[in-house]
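Okay, structure first, notes after.
Note that the structure is predicted; figures quoted are calculated from it, not measured. As a basis for the values below, the full set of heavy atoms in this structure was taken, side chains included, without hydrogen atoms, waters or symmetry mates.
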There are 2 protein chains.
Amino acid sequence: MTYQLDEQVGFLLRRAHQRHTALFAEHMPAGLTPTQFSALARLNERGPMSQNLLGREIAVDAATIKGVVDRLVTRGLVAVAPDQEDLRRVTVSLTEEGVAFVAECIPIAQEVSELTLAPLADRERTQLLADLDRLASGVQPEARSPSS
Amino acid sequence: MTYQLDEQVGFLLRRAHQRHTALFAEHMPAGLTPTQFSALARLNERGPMSQNLLGREIAVDAATIKGVVDRLVTRGLVAVAPDQEDLRRVTVSLTEEGVAFVAECIPIAQEVSELTLAPLADRERTQLLADLDRLASGVQPEARSPSS
DNA sequence: AGATATTCATTCGTGTACACATGAAAGTCG
DNA sequence: CGACTTTCATGTGTACACGAATGAATATCT
């Protein structure tokens, strides 16, 4: 009875994410998706790594990262090579073109973040990011226990 | 250089939404998805409406709502009927089974919302929901203008 | 070493999510 | 009324997103 869809976290998270995605698509070049950019940004931050690890690093499962990497390879932004030490692994790394491309995209990504957060004041932004991180991590608020 | 993927709103929104979806899947019966439930909940709140309007009411585009409604029809939770006044429209309504099913699901949905928000204290929850709503709506904070 | 378990990459199937195009039906305006 | 525009439903194509299964390679443990 008292259930209001518009007040549910899940629904609000979906709509907020939806607006961010729209802003991203509007400002990023050549149909680069948020997930694709995340992969590029992570490789840029941490260097080459196996495909599965890259997926873990950006919270994308093994089945999904496969397609993401494939598309980045097609665009020439990323290269894959077999790992010598572990024959199961495929190492993913940025190409020269990929490095240059990420450099171009980062300022745009920052602008998109800014536009997404535009409705909030600085203090609120900081708080929101911290809270979202806790939601994403599922951190339990320390139950007041005698220990510690 | 100073770009940190883990601190970007878009990335955090995606991960928070991801955790919510996982909790939803874990607790909801029979593989009902958040989007499917949103449709049912909206029909329950507002009564029968055209398929496109239902999509608008839950922020899902026309192409997507088609598939959602089709699956709900297959499950027997929803029925579609041609609108007499407007021959383009298809009216979507809950079936008896659908009404009973939503009633069962609502308490579970509330539990999922509770679990999703578990990392936050009450005051933080209220603030987060308000902020997410503003992000989703893209409301511009009134620039301090002389007028009004 | 040998049996067992885990990891990695891949494939399949299902379900959003959205851009774009199309045809039928309304609505609008001169 | 007739031309123009908008709305509605639908279809196509692309891109996540994830569960489940598979086979090869590696790790673990006795």
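Per the geometry, CZ belonging to B:Arg56 stands 17 Å off P belonging to C:dA17, to the nearest Å. Residue B:Phe24 contributes atom CZ, which lies 13 Å from atom C1' of C:dT16 at whole-angstrom precision. Between the CZ atom of B:Phe11 and the C1' atom of D:dC16 there is a distance of 14 Å, rounded to whole Å. Distance CG (A:Asp83) to C1' (C:dT7): 13 Å, rounded to an integer number of Å. The nearest whole Å value for the distance from the CZ atom in B:Arg19 to the P atom in D:dA17 is 18 Å. Here D:dG11 presents its P atom at 10 Å from CD of B:Gln51, a figure rounded to the nearest Å. Here the P atom of nucleotide D:dC16 and the CD1 atom of A:Ile65 are 9 Å apart, to the nearest Å. To the nearest angstrom, C1' of D:dC16 lies 17 Å from CZ of B:Arg15.
With hydrophobic clusters built from ILVMFWY side chains whose heavy atoms lie under 4.5 angstrom apart, B:Phe11 shares a cluster with A:Met28. B:Val9 and A:Leu32 are not part of a single hydrophobic cluster, where members link through side-chain heavy atoms under 4.5 Å apart. Hydrophobic clustering (ILVMFWY, side-chain heavy atoms < 4.5 Å, transitive): B:Val90 and B:Leu87 are in distinct clusters.
Listed for the B:Arg15 side chain is no donor-acceptor partner under 3.5 Å among the backbone atoms of A:Asp133. Here the side chain of A:Gln127 pairs no donor or acceptor atom with the backbone of A:Arg123 at under 3.5 angstrom.
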Counting primed atoms, P, OP1 and OP2 as sugar-phosphate and everything else as base, the B/S/- map of nucleotides 18-27 of chain D against protein heavy atoms under 4.0 Å is BB----BBS-
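A tilted orientation is assigned to the rings of B:Phe24 and B:His20, their planes being inclined by 30° to 60°.
From one end of the helix from C:dA1-D:dT30 to C:dG30-D:dC1 to the other, with five pairs defining each end axis, the axis direction shifts by 30° (rounded to 10°).
Of the charged side-chain nitrogens involved, at least one lies within less than 4.0 Å of a carboxylate oxygen, so that A:Glu124 and B:Arg134 count as a salt-bridged pair. Ion pairing between B:Arg42 and A:Asp6 holds under the 4.0 Å rule for side-chain N and carboxylate O. Under a 4.0 Å N-O distance rule, the pair A:Asp131/B:Arg125 does not qualify as a salt bridge.
For C:dG15, neither phosphate oxygen OP1 nor OP2 lies less than 4.0 angstrom from any side-chain nitrogen or oxygen of B:Thr33. The phosphate of C:dA17 has OP1 or OP2 within less than 4.0 Å of a side-chain N or O from B:Thr35.
Using a 4.0 Å heavy-atom distance criterion, A:Arg71 is classed as a sugar-phosphate-only contact.
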